[in-house]
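Quick notes on the structure that follows.
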2 protein chains.
Amino acid sequence: MLWLLNQISQFAPISPEGQLALASVLVRKEVPKGYVLLEHGKICRHLYMLEKGFARGYYTQDGRDISLWFAFEGDILASYYSFVTLKPSYTTIEILEDSTIAGVSYDQLNELYRNYPEFNLIGRLMTEKYFIELEERTLSFQFQSASERYHQLIEKHPQLLQKASLGHIASFLGISQETLSRIRAKK
Amino acid sequence: MLWLLNQISQFAPISPEGQLALASVLVRKEVPKGYVLLEHGKICRHLYMLEKGFARGYYTQDGRDISLWFAFEGDILASYYSFVTLKPSYTTIEILEDSTIAGVSYDQLNELYRNYPEFNLIGRLMTEKYFIELEERTLSFQFQSASERYHQLIEKHPQLLQKASLGHIASFLGISQETLSRIRAKK
DNA sequence: GAGTTTTTTTGACAAAAGTCAAAATCGAAA
DNA sequence: TTTCGATTTTGACTTTTGTCAAAAAAACTC
């Protein structure tokens, strides 16, 4: 429990009452490798943070799946889109390593927002953070070649090579697995 | 003034006091076509909304500029990245049609956030909205061909063809102008 | 450790997109 | 209207990436 409070209060300090209220609704779970946290087509009703482990989100298109993101420790596990709009998620969330997750349900979070407005500040700052990260990713598609995107990704997350398959990484970069293999081959 | 209050309160109702406070710090400006609202390298210290007119944000790379977004009425004009982090903006914001803009400065907005916490809710909801739009754009790069991206863009914003040059649109789609021209040629 | 399954790499070819240069078209100004 | 300048299109060619199939390598199971 403490861990998540700690993570969140890095965005903005939380009052003791807020901390208590959050702690009382927090859910903490151990989930095994292969577990599907959110299924395509279902509504995302929980906002989890990955305390320990590894996961990814992906779309399915014409039978093949395309990675949207990888989650490391401290990252959010949710379909923002579905969680915010309460519409069915396009994303499937798959646990890739035995993990510990902690989070709150949609209803509970909105209770928190209502009763402890300070959480709106945190919510805003976290959303801003993820917005900026996503912006960077969008720009990488617009500006960089596949090879540049790959090398930059590996530089930022060297662990990724141990944790995810090349197929997962290739689809994340928006290229075929063969192209990624060739990028890796040269130099 | 009323217009902007109206727009914003679509995200969440604002108390009369909040409305007054916002109104008292709002800036409203007429800016001519060609005006540069934010220069690359400068810190974005204002959050404007486009009341009327048309604008775009772009990066410059190797002498050529690449459109990041187009802004229609009701859209935000700012470099989120720079505004949130107070680091120099990579984006340049250019007014493409005589426009009316309305907004607040960084300091004033943070005063509002501090004195009227309800604005954090609005800030969060607006950021969420833009996050989801950006997510869609990112996916389009990962999933769709240039041709699909083009047709979808035009379907969503038919006015764009009247307002922006093909060069601007091509760079927004992440392709060369010649490729866009050829996409348009076939059917 | 042999055999099976999955992942990764390689080869051959096709399709998509980029580049450079020139031509055609469009629009505003004289 | 004519002209100048910018935008858009077209042509020829190159580079990048995709696809399908097969081979090689790695990981897993018994």
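In this text, all values refer to a predicted model and were calculated from it rather than measured experimentally. Throughout, protein chains are lettered first and strands after them, A, B, ... in sequence-line order, and every chain is numbered starting at 1.
For residues 12-51 of chain A, the ring-ring contact (aromatic ring centres under 6.0 Å, His included) pairs, not counting sequence neighbours, are A:His46-A:Tyr48.
For the residue pair A:Asn6 / A:Gln10, no side-chain donor-acceptor distance below 3.5 Å is found, with atom types taken as modelled. Inspection of the B:Ser105 and B:Gln108 side chains reveals an N or O donor paired with an N or O acceptor under 3.5 Å. Using a 3.5 Å distance cut-off with no hydrogens or angles, the side chains of B:Gln142 and A:Arg137 do pair a donor with an acceptor.
The footprint of chain A on DNA chain C, defined by a heavy-atom cutoff below 4.0 Å, extends from C:dT8 to C:dA12.
Summary of helix geometry: the two end axes of the helix from C:dG1-D:dC30 to C:dA30-D:dT1, each defined by five base pairs via their C1' atoms, are inclined to each other by 40° (rounded to 10°).
Spacing between atom OH of B:Tyr150 and atom C1' of D:dT8 amounts to 12 Å, rounded to whole angstrom units. Remark: P of D:dT9 and CG of B:Leu161 are 10 Å apart, rounded to the nearest angstrom.
Within the nucleic acid shown, B:Ser181 comes within 4.0 Å of at least one base atom, counting heavy atoms only.
Residues satisfying the salt bridge (charged side-chain N to carboxylate O under 4.0 Å, His left out) test with B:Glu136, not counting sequence neighbours, are B:Lys156. When the salt bridge (charged side-chain N to carboxylate O under 4.0 Å, His left out) test is applied to B:Glu73, no partner is found at least two apart in sequence or on another chain. Take A:Thr92 and apply the side-chain hydrogen bond (donor to acceptor under 3.5 Å, both in side chains) test, not counting sequence neighbours, and it matches no residue. Every residue was checked against the side-chain hydrogen bond (donor to acceptor under 3.5 Å, both in side chains) condition with B:Arg149, not counting sequence neighbours, and none meets it. With sequence neighbours left out, A:Phe143 forms a ring-ring contact (aromatic ring centres under 6.0 Å, His included) with B:Tyr59.
Residue B:His157 is tested with B:Phe70, B:Phe72, B:Phe172 for a ring-ring contact (aromatic ring centres under 6.0 Å, His included); the sole match is B:Phe72.
Counting side-chain heavy-atom gaps under 4.5 Å among Ile, Leu, Val, Met, Phe, Trp and Tyr, the cluster of B:Phe141 also holds A:Phe141.
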How would nucleotides 11-18 of chain D be written as a contact map, 5' to 3', with B for base contact, S for sugar-phosphate-only contact and - for no contact, using protein heavy atoms under 4.0 Å? BB----SS
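Between B:Leu86 and B:Arg45 the shortest heavy-atom distance is CD2-NH1, 4.3 Å.
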Solution key, residues 118-125 of chain B side-chain donor-acceptor pairs under 3.5 Å, sequence neighbours excluded:
from: B:Glu118; atom 1: OE1; to: B:Ser15; atom 2: N; distance (Å): 2.9
from: B:Glu118; atom 1: OE2; to: B:Ser15; atom 2: OG; distance (Å): 2.6
from: B:Asn120; atom 1: OD1; to: A:Arg124; atom 2: NE; distance (Å): 3.0
from: B:Asn120; atom 1: OD1; to: A:Arg124; atom 2: NH2; distance (Å): 3.3
from: B:Arg124; atom 1: NE; to: A:Asn120; atom 2: OD1; distance (Å): 3.3
from: B:Arg124; atom 1: NH1; to: B:Glu128; atom 2: OE2; distance (Å): 3.1
from: B:Arg124; atom 1: NH2; to: A:Asn120; atom 2: OD1; distance (Å): 3.4

For nucleotides 26-30 of chain D, print each protein N/O atom paired with a nucleotide N/O atom at under 3.5 Å, atom names and distance only.
none

